[in-house]
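The first residue in the sequence is number 1, and the count goes up from there. These numbers come from a predicted model, not from an experiment.
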Amino acid sequence: MKVLVTGASGLLGREMVSMYRARGVHVVACDSAVLDVTEESLVREFISSEAPDLVLHCAAYTAVDRAESEPERAFATNLGGAQNVAQACAATGAHLVYFSTDFVFDGCSETPYGTDDEPRPLSVYGKSKLAGEEAVAGAGGQWTTVRSSWLFGATGANFVSTILERARGGVPLRVVDDQRGSPTWARDLAGTTADLIDIGATGLVHVTNGGTATWYELARSALEVAELEADLQPVSSEEWKAAAGRPRDSVLDVGETEALLGRSLAPWPEALRAFLTGGAA
């Protein structure tokens, strides 16, 4: 088996590369310097030449607020890049895994979002990721789209690492307490995705750690596990005044995924502790 990973230097990409290599799988790790997914001819030629069995498309534009002022860049990567990779995979017969987000929903549902629920993104970022989902589904190849949420991990900018860095620097923390989702460790997302591919899962699936939290609750838990003192204050979304609209409750229903795997997904507090203490969830 040969696996190609785009966005291999990012939060999720690194976990995917590390996990598959630990399994003894031949992995082609591509960051943007190796493979610019927005270049159609380059993507087509590269994937044709490498001829992978599985492509894990982790490359993405993830600057949620900045996307509001540079939508062309967001769509170039999240739609254009996904379309280029999907078409190249369809041409070579590679199975494509595309990673999407809870931000394709508006957060107005009173129950967790299932895979059949209609997306209504509030932000440019969410719209660009939804457009990527549609491009992947329409490319004609074999695909699996994995929606997840609130990723944290050891690489790159993410909420948990940012909170701890600011706390260590003595910066007062004002954190939104009226948006709810499911925090997810990138390592758990990588492992669960691989398990789903192993059993032949295709189409749209939801993968998060179990349980829910607000950003404030996640920040408080991270500080407690790291044994850090900080001036932490809850604020409303209106007080925070982010550039991009965000869903108030974007919890994803992972029941179908747990049924497929025959197991429960690890609760986010356990995953957070494992991440911060070097253990395993």
Side-chain angles (χ1 to χ4, degrees), residues 11-12 15 56-58 60 62 64 78 82 96-123 125-134 136-137 143-153 158-160 176-218 221 237 245-272 274 281:
L11 177 61
L12 178 59
E15 295 290 357
L56 301 166
H57 184 41
C58 301
T62 59
V64 177
N78 294 343
L96 171 63
V97 179
Y98 172 73
F99 292 93
S100 192
T101 173
D102 58 323
F103 279 28
V104 300
F105 295 113
D106 63 9
C108 295
S109 176
E110 295 181 356
T111 58
Y113 284 99
T115 56
D116 292 332
D117 287 324
E118 183 179 356
R120 292 190 182 90
L122 301 176
S123 63
Y125 167 71
K127 292 173 183 176
S128 70
K129 292 298 290 182
L130 177 60
E133 289 187 11
E134 294 167 347
V136 167
W143 57 275
T144 306
T145 288
V146 180
R147 287 187 186 136
S148 192
S149 64
W150 296 29
L151 286 194
F152 61 85
N158 64 89
F159 178 81
V160 170
V176 171
D177 196 30
D178 59 4
Q179 296 172 19
R180 183 164 293 275
S182 295
T184 304
W185 189 17
R187 184 168 300 176
D188 281 353
L189 175 56
T192 301
T193 297
D195 290 344
L196 287 167
I197 298 306
D198 285 347
I199 64 173
T202 59
L204 182 60
V205 294
H206 288 173
V207 177
T208 67
N209 279 122
T212 74
T214 66
W215 293 110
Y216 172 78
E217 289 167 348
L218 176 56
S221 294
S237 298
R246 286 166 167 79
R248 290 296 180 99
D249 192 333
S250 61
V251 176
L252 300 177
D253 186 343
V254 296
E256 291 181 359
T257 298
E258 292 181 326
L260 281 172
L261 296 172
R263 62 176 172 84
S264 298
L265 300 181
W268 71 262
E270 291 182 13
L272 178 67

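- Scanning both residues, H206 and T115, for their nearest heavy atoms gives CE1-N, 3.6 Å.
- For W143, there are no ring-ring contact (aromatic ring centres under 6.0 Å, His included) partners, not counting sequence neighbours.
- The structure places CG of L189 at 14.0 Å from CZ of R147, a figure rounded to the nearest 0.5 Å.
- Contacts of W268 classified as side chain to side chain donor-acceptor pair (under 3.5 Å), with partners at least two apart in sequence or in another chain: none.
- The shortest side-chain heavy-atom distance between T144 and T193 does not fall under the 4.5 Å cut-off.
- When the side chain to side chain contact (heavy atoms under 4.5 Å, CB included) test is applied to A190, the partners found at least two apart in sequence or on another chain are L12, E15, M16, M19.
- Shown here for W215 and V176, the closest heavy-atom pair between the two residues is CB-O, 3.3 Å.
- D117 is linked by a side chain to side chain contact (heavy atoms under 4.5 Å, CB included) to F105, Y113, counting only residues two or more places apart in sequence or in another chain.
- Between the side chain of S221 and the backbone N or O of L218, no donor-acceptor pair lies under 3.5 Å.
- The residue from S149, S148, S250 that alone fulfils the side-chain hydrogen bond (donor to acceptor under 3.5 Å, both in side chains) condition with D102 is S250.
- Of all heavy-atom pairs spanning A274 and W185, the tightest one is CB-CZ3, 3.7 Å.
- For R248, the salt bridge (Lys or Arg N to Asp or Glu O under 4.0 Å) partners are D178, E238, not counting sequence neighbours.
- Among residues two or more places apart in sequence or in another chain, the side chain to side chain donor-acceptor pair (under 3.5 Å) test is passed with S123 by none.
- From F99, atom CZ reaches atom OG1 of T62 across 14.0 Å, with rounding to the nearest 0.5 Å.
- Expressed to the nearest 0.5 Å, how far CZ of R187 lies from CG of N209 amounts to 12.5 Å.
- Partners of E258 under the side chain to side chain donor-acceptor pair (under 3.5 Å) rule, at least two apart in sequence or in another chain, do not exist in this structure.
- The two atoms that bring W150 and T214 nearest to each other are CZ3-C, 3.8 Å, heavy atoms only.
- Taking OG1 of T192 as the start and CG of L261 as the end, the distance is 6.5 Å to the nearest 0.5 Å.
- Residues satisfying the side chain to side chain donor-acceptor pair (under 3.5 Å) test with R246, not counting sequence neighbours, are D65.
- When side chains are defined from C-beta on, L151 does not count as touching N158, because their heavy atoms never get closer than 4.5 Å.
- With sequence neighbours excluded, the residues satisfying salt bridge (Lys or Arg N to Asp or Glu O under 4.0 Å) with E118 are R120.
- Not one N or O on the side chain of E270 forms a donor-acceptor pair closer than 3.5 Å with the backbone of P267.
- Defined by atom type and a distance below 3.5 Å, a donor-acceptor pair is present between the side-chain atoms of S100 and E133.
- Shown here for D253 and G255, the closest heavy-atom pair between the two residues is OD1-N, 2.8 Å.
- A search for side chain to side chain contact (heavy atoms under 4.5 Å, CB included) contacts involving T212 returns R180, S182, V251, not counting sequence neighbours.
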What pairs of donor and acceptor atoms, side-chain ones from residues 195-203 against any protein atom, are under 3.5 angstrom apart with sequence neighbours left out?
| residue | atom | partner | partner atom | Å |
| --- | --- | --- | --- | --- |
| D195 | OD2 | R263 | NH2 | 2.8 |
| D198 | OD2 | R23 | NH1 | 3.3 |

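- Nearest heavy-atom pair, G126 versus P121, reported as atom, atom and distance to 0.1 Å: C-CB, 3.5 Å.
- Of the possible donor and acceptor atoms, none in the side chain of D106 sits under 3.5 Å from a partner among the backbone N and O of L122.
- Checking side-chain atoms of T208 against main-chain N and O of T184 turns up no donor-acceptor pair under 3.5 Å.
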